[in-house]
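Sequence lines set the chain letters: A, B, ... in the order given, protein chains first and strands last, and positions in each chain run from 1. As the structure is a prediction and not an experimental result, all values here were calculated from the model.
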Protein chains: 2
Amino acid sequence: MKVLIVEDDPLHRAYLGEAVRGALPECNTVLEAADGLAGERLAREHISDRVVMDLQMSPRNGIEAARTIWRERPDTRILFWSNYADEANVRGISRIVPPGAAYGYVLKSASDERLRLALRSVFIEDQCVIDREVRGLQQKSAGAVSGFTDSEYEVLIDIALGLTDRTIARRRNLSLRSVQNRLQQLYEKLGVYQPNDGDPEARFNLRSRAVTVSLLRKLVNHTALERAEMDLARWLERDGHGPKP
Amino acid sequence: MKVLIVEDDPLHRAYLGEAVRGALPECNTVLEAADGLAGERLAREHISDRVVMDLQMSPRNGIEAARTIWRERPDTRILFWSNYADEANVRGISRIVPPGAAYGYVLKSASDERLRLALRSVFIEDQCVIDREVRGLQQKSAGAVSGFTDSEYEVLIDIALGLTDRTIARRRNLSLRSVQNRLQQLYEKLGVYQPNDGDPEARFNLRSRAVTVSLLRKLVNHTALERAEMDLARWLERDGHGPKP
DNA sequence: CCCGAATCTGCGGGTTTCCGCACGTTGATT
DNA sequence: AATCAACGTGCGGAAACCCGCAGATTCGGG
């Protein structure tokens, strides 16, 4: 059995190596990569279908690397090992996991024993293991109060990028009013909307404020922004100069 | 000689402990704290005037901890040890370092030898040691193209928080137009301003866009935002309900 | 003392946001 | 077939934003 470790911090990489060797005596080869790109390459060359993957890395973060790995080999078991449990990551992962694939998500703050268990469960038993803290997020994101639709998340990203209503409309093939509709829902759900009863003193610029609280609540984060920015740049090249109606 | 290590990641903490013991044989006591709060307490109890400090931690990040430590004992030598070299951190630190104090800033990606040298230089020789990458930022921030005035940085934070022009004016005791003036300068310096020559197609909402590029360039970051948000909340309590002219 | 340079301020107007009101489409449920 | 929820669209208007123009203020030299 081969296990591939993708993690940029050398200390953590060494620690993971220890943990894998300790938890999986049936594993005879441990491969190590220091970033997403190298990880993809190693996974391709050696036919390694068990991966422990850090999230924030550069170049190529864990989510991107996982996506290409899963695209080539959907039955790969991937255990994500991250510092944070924020919505941007959770949403990003649940977006790319192939149906039926085994994967896991444990926090770096978890105990050695938790990590050990997760390694065995995911790599040997083909089970999905998700830390309780992360699990909480998934519930919320699917369900009730703070749960966005995909389309709402879309405009959230767009205004976070600093796009104009009109540009968003063009990009998403919507009318101006529809974009603004989604924005209203977004403001509502983020608890940013100000019913101007009595004193019409608008303290906040809703647009910017929405971005801020999303950042503070980690609905979006730096790497999500970077990714979105690159997508945007690509779109601007292609369709950004189209004819205006 | 006593050295205090403040670092939340246990692996990194252990590594730092090794490094300190190896580089400083004259050090007979190594104290360890896992977050800023504990760090402040330990520094106060034991009279430790040599500190190795991580930046991102919670509760209480490194900058805040350093500030209270330096307030109580301005001659403390502090070596900052961080993952990132972004402007928000550098600006935050250079804002709080007492005149004449010895401090250092090395990246976690630095080699063992670099760390060793920095430890000896700062703790024994009372020299300031700042990594080259970080140094680059300092130059830029003081000088030319991407260098903001303090007042410009101020409005940047304010729009990042999602405040209205009018609210910013009230908060900073300025007229509306002055705020908008500073904003214009900001847009200019961030390279966001769009001379609408020919095609007046405004692609970006300058306000939001400014925040985005600041985030992408790490002129502001998550923890800076959190701090600013708390300041804002306090201000809203106190002066936010004042009489309107 | 007068001269820039930097900053603060008011005015005016073009553009963008924000949002209530109203109506049509789609798709799933009953 | 009827209904209901979710989503897309147009119209119109109040507020906010962006910014050129121009007149004040401050402050450090020559």
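Nearest to the side chain of B/Tyr187, among C/dC18, D/dG10, D/dC18, sits D/dC18.
Taking every heavy atom of residues 176-184 of chain A and every atom of DNA chain D, pairs under 4.0 Å involve A/Arg177, A/Ser178, A/Asn181, A/Arg182, by number.
Whole-Å rounding puts the B/Asp165 CG to C/dT17 C1' distance at 13 Å. To the nearest angstrom, C1' of D/dC17 lies 8 Å from CG of A/Asn205. Residue A/Arg209 contributes atom CZ, which lies 19 Å from atom C1' of D/dC17 at whole-angstrom precision. The nearest whole Å value for the distance from the CD atom in A/Gln185 to the P atom in D/dG8 is 8 Å. In this structure, the CG atom of B/Leu163 is 19 Å from the P atom of C/dT17, given to the nearest Å. Spacing between atom CG of A/Leu186 and atom P of C/dC19 amounts to 12 Å, rounded to whole angstrom units. Look at CG on A/Leu206: it is 7 Å from C1' on C/dC18, rounded to the nearest Å. Between A/Arg166 atom CZ and C/dT15 atom C1' the separation is 9 Å, expressed in whole Å.
A donor and an acceptor atom, one from each side chain of A/Asn83 and A/Gln56, are nowhere located under 3.5 Å apart.
A/Glu125 has no carboxylate O lying under 4.0 Å from a charged side-chain N of A/Arg120, or vice versa, which leaves the two without a salt bridge. The existence of a salt bridge linking A/Asp158 and A/Arg171 is confirmed by a sub-4.0 Å separation between a basic side-chain nitrogen and an acidic carboxylate oxygen. A salt bridge links B/Arg209 with A/Glu229; the closest basic N to acidic carboxylate O contact falls under 4.0 Å. Ion pair A/Asp165/A/Arg170 not flagged as a salt bridge, since none of the NZ, NE, NH1 or NH2 atoms sits closer than 4.0 Å to an Asp/Glu carboxylate oxygen.
Mapping A/Ser208 and B/Leu174 onto DNA chain C via the closest heavy atom, the residue that lands nearer the 5' end is B/Leu174.
Looking at A/Thr167, its side chain never comes within 3.5 Å of a backbone N or O of A/Leu163 through a donor-acceptor pair.
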*asked:* Can you build the contact string for nucleotides 23-28 of chain D? Use B for base contact, S for sugar-phosphate-only contact, and - for no protein heavy atom under 4.0 Å.
replied: ------
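Each of A/Val6, A/Val106, A/Leu55 was scored for a side chain to side chain contact (heavy atoms under 4.5 Å, CB included) with A/Trp81, with one residue passing: A/Val106.
Seen from the ring of A/Phe123, A/Arg77 does not count as a face-on cation partner, given the 6.0 Å and 45° thresholds.
The salt bridge (charged side-chain N to carboxylate O under 4.0 Å, His left out) analysis of residues 173-187 of chain A, with sequence neighbours excluded, yields the pairs A/Glu154-A/Arg182.
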